[in-house]
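Read through the structure below, which is laid out as structure tokens, and then see the notes.
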Amino acid sequence: MPELPEVEFAARQLRRWMVGRRVERAVAEPSRVLRGRAPREIARALQGRRLEAVRRRGKYLLLDFDGGAGALLHLGMTGKLVRREVGEAEAYSRARFELDDRRAIHLRDPRKFGRLAVGPMARLERMKEVAALGPDANDPSLDARALAARLGRTCRPLKIALMDQRVLAGLGNIHAAEALFRAQLSPKRRSDRLSSAQLGRLAAAIGETIGFAFDSMPQAEADIEYVEEPGAENPFLVYGKAGERCPRCREPLRSFAQGGRTTFWCPRCQR
DNA sequence: ACCGCTGTTCTCCG
DNA sequence: TCGGAGAACAGCGG
């Protein structure tokens, strides 16, 4: 499920549900989500702590508890946060925080691609995956110059570089393809050979892509669970639309494999 | 029944 | 050291 917009949605939900609350019990099942750490380490690190803040860095969630304690959460491909009553079962729950309001926040992750780590926040922030993250794709100061500094570091194809979290944090397969379509740039182009006009277009396109995704998402004020209805229409411009006509030039859209993922694009108007 | 997949990380290879 | 391919993780939906 999650790229940057969905993770931002999860961050907002978590703030509403959990900031200011005390964790009465933290429970985790042994699973690869814990990366070999013992469930009781989760319990020991978080039990009795009050959540002070929730931050998002790219697709990571950083939970700041009192006393400098922290939790680092990545939703992987199928992870999601849900709120239940304490005692209510949740399928595929890999960890849960039982709060002082009789609610339990579960990390539900059927495929176990997600990740939960706990410990002093200072240590979590020094972990390589977090420390090496590029600037947030949603950062309003991301302009042509900033993008040039990031993309100039590699000669890989644009689409691959945009999905590299060390280059830019937050874009995944869908939004990288969507941003390139909006910028009219080929996913195959070398990252380090863009003109400043093209970089400007790309910076704007990334902002539009993320903004559009935010806008088409339910706002986190209500206690709704974010689930796409089955049969809902594909909301994207090119993702998942191979064979359909380009919304800009009517050329049939195409797809091809790139870095083990499927890239969707318009071969006519993306150059 | 089979294939693909909104993510990350690892290994193997050039 | 870089980069590409493929595998692994594991369940669901088309």
Side-chain angles (χ1 to χ4, degrees), chain A residues 1-11 29-37 56-61 72-81 90-94 107-117 127-134 137-138 150-181 187-193 206 209-210 212-214 216-218 226-244 255-265:
Chain A
M1 145 182 166
E3 293 188 26
L4 187 153
E6 291 84 359
V7 179
E8 178 61 29
F9 179 82
E29 303 303 326
S31 81
R32 53 175 275 110
V33 170
L34 306 186
R35 298 293 194 280
R37 300 300 194 145
R56 181 187 57 73
R57 276 284 287 129
K59 303 176 196 173
Y60 285 90
L61 293 171
L72 174 71
L73 198 56
H74 194 293
L75 300 176
M77 196 113 94
T78 53
K80 150 185 222 186
L81 295 169
E90 177 65 20
Y92 303 117
S93 173
R94 308 305 177 189
L107 169 59
R108 174 196 158 95
D109 184 8
R111 291 176 69 183
K112 302 179 189 169
F113 287 180
R115 175 161 195 193
L116 172 65
M127 290 180 13
K128 186 157 42 71
E129 314 84 302
V130 179
L133 286 172
N138 195 35
R150 307 307 298 174
L151 293 173
R153 302 147 37 107
T154 173
C155 64
R156 290 129 93 208
L158 259 184
K159 164 84 167 0
I160 305 286
L162 289 180
M163 285 197 299
D164 183 338
Q165 304 301 301
R166 296 165 303 183
V167 172
L168 210 55
L171 296 182
N173 197 33
I174 293 181
H175 292 117
E178 294 287 294
L180 288 170
F181 175 76
K188 301 178 183 184
R189 283 186 69 117
R190 274 184 62 153
S191 301
D192 57 352
R193 297 209 180 145
I206 291 169
T209 299
I210 293 171
F212 179 79
F214 278 146
S216 55
M217 195 171 301
Y226 181 47
V227 280
E228 292 124 80
E229 311 109 62
E233 203 172 315
N234 173 347
F236 304 113
L237 297 170
V238 292
Y239 181 81
K241 298 208 161 176
E244 295 183 35
S255 69
F256 66 103
Q258 200 176 22
R261 317 300 298 277
T262 306
T263 296
F264 296 87
W265 70 309

Atom pair distance, as rounded to whole Å: [atom1] in [X] and [atom2] in [N]:
X      : N      : atom1 : atom2 : value
A:D164 : C:dG3  : CG    : P     : 9 Å
A:K188 : C:dG3  : NZ    : C1'   : 18 Å
A:F256 : C:dA5  : CZ    : C1'   : 15 Å
A:K159 : C:dG3  : NZ    : C1'   : 16 Å
A:L75  : C:dA10 : CG    : C1'   : 17 Å
A:Q258 : B:dG7  : CD    : P     : 14 Å
A:M77  : C:dA10 : CE    : C1'   : 10 Å
A:I174 : B:dC5  : CD1   : P     : 11 Å

Can you tell me, in whole Å, how much space there is between the P of B:dC3 and that of C:dG6?
16 Å
Separation of the P atoms in B:dA1 and C:dA8, to the nearest angstrom:
22 Å
Answer yes or no: is there a donor N or O on one side and an acceptor on the other, between the side chain of A:E3 and the main chain of A:I174, under 3.5 Å?
yes
Does A:T78 reach the main-chain N or O of A:R111 with its side chain, forming a donor-acceptor pair under 3.5 Å?
yes
Have A:K112 and A:S31 got a donor and an acceptor in their side chains that come within less than 3.5 Å?
no
Within the structure provided, determine whether A:L171 and A:I210 are in side-chain contact (heavy-atom separation under 4.5 Å).
yes
How far does CZ of A:R115 sit from CG of A:L73, to the nearest 0.5 angstrom?
11.0 Å
Applying a 4.0 Å non-hydrogen cut-off, can you work out what A:G260 is touching in the nucleic acid: base, sugar-phosphate, or nothing?
nothing
Base, sugar-phosphate or nothing for A:P235? Non-hydrogen atoms, less than 4.0 Å.
nothing
Can a side chain N or O of [X] be found less than 4.0 Å away from OP1 or OP2 on [N]?
X      : N      : answer
A:Y92  : C:dC12 : yes
A:T154 : C:dG3  : yes
A:T262 : B:dG4  : no

Interface polar pairs with nucleotides 8-14 of chain B, N/O, under 3.5 angstrom:
unit_1: B:dT8; atom_1: OP1; unit_2: A:H74; atom_2: NE2; d: 2.8
unit_1: B:dT8; atom_1: OP2; unit_2: A:K59; atom_2: NZ; d: 3.3

Could you check which of C:dG4, C:dA10, B:dG7 has an atom nearest any side-chain atom of A:I160?
C:dG4
Taking everything shown except A:F236 itself, do over 12 heavy atoms lie less than 6.0 Å from its CZ?
yes
According to the Watson-Crick and G-U wobble definitions, with both distances under 3.5 Å, which nucleotide is paired to C:dA10?
none
Can you confirm if the NZ or CZ of A:K241 lies within 45° of the ring axis of A:F181 and under 6.0 Å from the centre of its six-membered ring?
no
For a side-chain contact (heavy atoms from CB on, under 4.5 Å) check, start with the C-alpha distance between A:D164 and A:R156, then their side-chain angles and the critical distance, and finish with the verdict.
CA-CA 10 Å; A:D164 183 338; A:R156 290 129 93 208; 2.8 Å; yes
Any N/O donor-acceptor pair, A:R111 side-chain to B:dC5 base, under 3.5 Å:
yes
